[in-house]
Amino acid sequence: MWFFYMILGFSIFASVLYFMGNYTFWLPLRSAKLPRVIMFHQVTPYAESSGMNMPPEKFEQLLQYLLKKNAIFCFVSELDQYQGQSNVFALSFDDGFLDNYQFAYPLIKKYKAKATIYLATQIEGIEKLDSKQIQEMAESGIIEFGAHTQHHVNLLKLSDDEAYREMQASKQDVEALVGCCPSFAYPFGRFTEKHQHMAKEIGFKNAVSTRKKVEAYTPDNQFNLPRVSTHGAMNALQMRIALAKGRYKL
């Protein structure tokens with residue numbers, strides 16, 4: 001009998017470790033008054049579920065869940081206007097994939113949400129948004145466009161002058177398309193404090209990183225805003241924990 005209880009105890013202990021590791025129960029809850037900037041890339045049924053792609057049905061489930069939480073949707077550039085309010089969410093998409101228009105945009109409209117799309121304006125190797133789609137989305141009033149460098153480059157591998165030009169030129173490209181470009185996203189999440197100063201000098205209002213965290217919007221992190229990352233293979237519980245605590249683990 002003692003052997004049975006030993007095996008049972010081991011199984012329970014292993015299960016607890018599994019759930020703590022895979023569901024990040026160990027992370028502290030973050031206040032609902034702290035904004036959640038959620039990071040996406042693709043929303044398409046034609047690619048595997050991954051850290052780069054959330055299938056449309058899961059994206060829709062997420063929007064439904066946020067509405068049940070009485071979400072206030074805002075653009076990343078508007079975060080300063082909602083300080084201290086509960087349930088503020090800023091959806092953000094990196095790169096400018098075509099499927100953002102095909103699959104994410106209709107759902108954002110359906111659920112009366114808002115989103116910021118960061119364009120790498122001369123990125124190669126992806127099916128990307130064209131100028132007409134970008135302008136249509138911008139004119140809808142529910143999509144804001146930010147910059148993500150021209151060529152989706154790792155800023156750490158560039159000289160200061162090259163990095164500045166990539167950032168500034170991408171802002172100019174977006175402004176030529178839609179008239180304004182208030183926010184920036186660092187490609188690959190690679191940057192240093194000097195790139196934050198560049199973003200401010202170029203005229204961006206704020207900038208997002210890939211730090212997996214939830215924290216207040218302040219002058220100290222205005223150009224290093226954390227985001228809640230997503231994964232297409234997340235289940236509903238993992239998504240809820242990520243939103244509550246800032247990160248997930250599969």
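Here the OG1-CG distance, from Thr218 to Leu225, works out to 8.5 Å after rounding to the nearest 0.5 Å. Between atom NZ of residue Lys128 and atom CD1 of residue Ile123 there is a gap of 7.5 Å, rounded to the nearest 0.5 Å. Distance CD/Gln150 to CG/Leu119: 11.5 Å, rounded to 0.5 Å.
Ring pair Phe188/His152: centre-to-centre distance below 6.0 Å.
Hydrophobic cluster membership is shared by Phe191 and Tyr164, with clusters built from Ile, Leu, Val, Met, Phe, Trp and Tyr side chains linked at under 4.5 angstrom. Under the 4.5 Å side-chain contact rule for hydrophobic residues, Val43 and Met137 share a cluster.
Thr210 and Arg227 share no donor-acceptor pair across their side chains, judged by distance under 3.5 Å alone. Between Asn221 and Glu215, the side chains place a donor N or O and an acceptor N or O closer than 3.5 Å (distance only, hydrogens not considered). A donor and an acceptor atom, one from each side chain of Glu60 and Tyr111, are located under 3.5 Å apart. Defined by atom type and a distance below 3.5 Å, a donor-acceptor pair is missing between the side-chain atoms of Asn53 and His41. Side chains of Gln42 and Asp99: a donor on one and an acceptor on the other come within 3.5 Å. A donor-acceptor contact under 3.5 angstrom links the side chains of Tyr118 and Ser183, judged on distance only.
Phe75 belongs to no hydrophobic cluster, as no Ile, Leu, Val, Met, Phe, Trp or Tyr side chain comes under 4.5 Å of its own.
No donor-acceptor pair under 3.5 Å is formed between the side chain of Glu166 and the backbone N or O of Ala163. Judged by distance alone, the side chain of Arg36 and the main-chain N or O of Ala244 form a donor-acceptor pair under 3.5 Å. Formation of a donor-acceptor pair under 3.5 Å by the Asn206 side chain with backbone atoms of Gln222 is not found in this model.
The number of heavy-atom neighbours closer than 6.0 Å to CD of Gln81, taken from other residues, nucleotides and ligands shown, is above 12.
Scanning for side-chain hydrogen bond (donor to acceptor under 3.5 Å, both in side chains) contacts around Gln172 gives an empty result, with sequence neighbours left out.
Between Lys114 and Glu78 there is a salt bridge, since a side-chain N of the basic residue sits under 4.0 Å from a carboxylate O of the acidic one.
Under the 30°/60° scheme for interplanar angles, the aromatic rings of Phe93 and Phe59 are found to stand perpendicular. Using bins of under 30°, 30° to 60° and over 60° for the plane-to-plane angle, the ring pair Tyr101/Tyr105 lands in the parallel bin.
Relative to the ring axis of Phe73, Lys112 does not place its NZ or CZ within 45° and under 6.0 Å from the centre.
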